[in-house]
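Excluded from the calculations below are hydrogen atoms, water molecules and symmetry mates; all remaining heavy atoms, backbone and side chain alike, are included. So that the names make sense, note that chain A is the first sequence line, chain B the second, and so on, each numbered from 1.
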Number of protein chains: 2
Amino acid sequence: MEEQIDLVGKAFVDHYYHLFDNDRPALSSLYKPSSTLTFEGHKIQGVEDITAKLISLPFDQCRHVISTIDSQPSFSGGIVVFISGSLQLSGEEHHLRFSQMFHLIPMLEGNFYVQNDIFRLNYG
Amino acid sequence: MEEQIDLVGKAFVDHYYHLFDNDRPALSSLYKPSSTLTFEGHKIQGVEDITAKLISLPFDQCRHVISTIDSQPSFSGGIVVFISGSLQLSGEEHHLRFSQMFHLIPMLEGNFYVQNDIFRLNYG
């Protein structure tokens with residue numbers, strides 16, 4: 001069971017950052033009207049506003065490199081996933097270290113949506 | 001409502017790290033048999049094992065200094081809280097940067113317990 005949770009968490013993380021780095025508008029499919037994103041302390045709710053925020057971030061091209069993924073079962077079939085990694089922006093040498101958490105809620109057919117999403121850059 | 005969530009998150013965080021820094025065995029009161037802690041990738045379940053892990057950490061005295069607290073409502077009255085900060089060990093000059101998340105579940109009388117706890121040091 002633990003292993004299954006880890007596999008689901010990793011599969012979600014791979015999917016999420018692949019979309020973020022290659023087709024950012026498609027991230028809208030992972031949120032619901034009840035979803036909340038807190039991005040660097042700025043709280044945003046609902047699919048449209050969250051998607052607009054993610055698309056408007058001031059870098060056109062980026063690549064997420066994942067360092068760690070920790071997954072745990074939450075309640076009622078949900079999963080919490082905690083990620084650390086770095087964000088590489090196109091044309092820039094240095095990387096931005098970040099931490100992010102997702103609370104995933106099950107839908108039909110084994111899919112999950114993001115109920116909670118909190119992102120923070122790690123300042124040294 | 002948002003403000004209430006932020007207040008509850010901050011009150012929990014203050015209480016948690018105060019206990020951690022001053023009376024670590026008392027942290028057991030904040031966990032339940034269903035609770036899971038992932039500490040630097042090591043997964044531990046249940047009140048006794050989590051408390052034993054926290055007590056056995058290789059520093060007797062420490063002080064948590066909090067940089068950011070982000071709180072969001074999860075499901076059924078729960079709250080997810082994401083913290084960044086630094087850990088100052090007694091007798092050491094440098095600080096260890098960390099990120100941590102808690103998923104808090106309501107109990108009677110307005111109290112919460114920790115269902116999910118994930119801790120990671122931030123390596124530069």
Side-chain angles (χ1 to χ4, degrees), chain A residues 1-3 5-6 9-10 31-32 34-46 50 66-86 94-106 112-124, chain B residues 1-3 5-6 9-10 31-32 34-46 50 66-86 94-106 112-124:
Chain A
M1 186 59 186
E2 286 306 305
E3 195 176 282
I5 289 285
D6 291 337
K10 181 177 187 315
Y31 295 93
K32 293 274 186 192
S34 65
S35 304
T36 304
L37 163 68
T38 306
F39 189 90
E40 284 285 283
H42 184 57
K43 202 178 281 190
I44 300 143
Q45 190 149 18
I50 289 172
I66 304 309
S67 301
T68 64
I69 305 173
D70 296 310
S71 303
Q72 292 182 1
S74 75
F75 260 32
S76 310
I79 302 178
V80 292
V81 187
F82 184 100
I83 300 105
S84 70
S86 65
H94 71 291
H95 306 165
L96 302 169
R97 297 279 312 170
F98 73 91
S99 300
Q100 187 161 16
M101 68 141 290
F102 297 103
H103 184 201
L104 308 178
I105 306 291
F112 291 81
Y113 76 91
V114 177
Q115 170 65 19
N116 304 100
D117 178 354
I118 302 179
F119 177 95
R120 280 280 178 186
L121 292 172
N122 299 147
Y123 296 105
Chain B
M1 185 58 185
E2 288 305 308
E3 196 176 282
I5 289 284
D6 291 337
K10 182 176 186 315
Y31 296 92
K32 292 275 187 191
S34 66
S35 304
T36 304
L37 162 68
T38 306
F39 189 90
E40 284 286 281
H42 185 56
K43 201 178 282 188
I44 300 143
Q45 190 148 17
I50 290 172
I66 304 308
S67 301
T68 65
I69 304 173
D70 296 310
S71 303
Q72 293 182 0
S74 75
F75 261 31
S76 311
I79 301 177
V80 290
V81 187
F82 184 99
I83 299 106
S84 69
S86 64
H94 72 291
H95 306 164
L96 301 169
R97 298 277 312 167
F98 72 91
S99 300
Q100 188 162 15
M101 68 140 291
F102 296 103
H103 184 203
L104 308 178
I105 306 291
F112 291 81
Y113 76 91
V114 177
Q115 171 65 19
N116 303 101
D117 178 355
I118 301 178
F119 176 95
R120 278 280 178 186
L121 291 171
N122 299 149
Y123 295 104

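For chain A, the nearby part of B/L37 is the backbone; its heavy atoms alone come within less than 4.5 Å. A/S84 does not touch chain B: none of its heavy atoms, backbone or side chain, sits under 4.5 Å away. Only the backbone of A/Q100 comes within less than 4.5 Å of a heavy atom in chain B; its side chain stays farther off.
Taken from OG in B/S99 to CZ in A/R120, the straight-line distance is 10.0 Å, to the nearest 0.5 Å. How far CD1 of B/I69 is from CD1 of A/I118: 11.5 Å, rounded to the nearest 0.5 Å.
Under a 3.5 Å cut-off, the side chain of B/K43 and the backbone N or O of A/D70 do not form any donor-acceptor pair. With hydrogens and angles disregarded, a donor-acceptor distance shorter than 3.5 Å links the side chain of B/Q72 to the backbone of A/D117.
Relative ring orientation between A/H103 and B/H103 is described as tilted, the plane-to-plane angle lying within the 30° to 60° band.
Of all heavy-atom pairs spanning B/M101 and A/F82, the tightest one is CG-CD1, 3.6 Å. The heavy-atom pair separating A/P73 from B/N116 by the smallest distance is O-ND2, 2.8 Å.
Within the 4.5 Å cutoff, the side chain of B/N122 has no heavy atoms near those of the A/R97 side chain.
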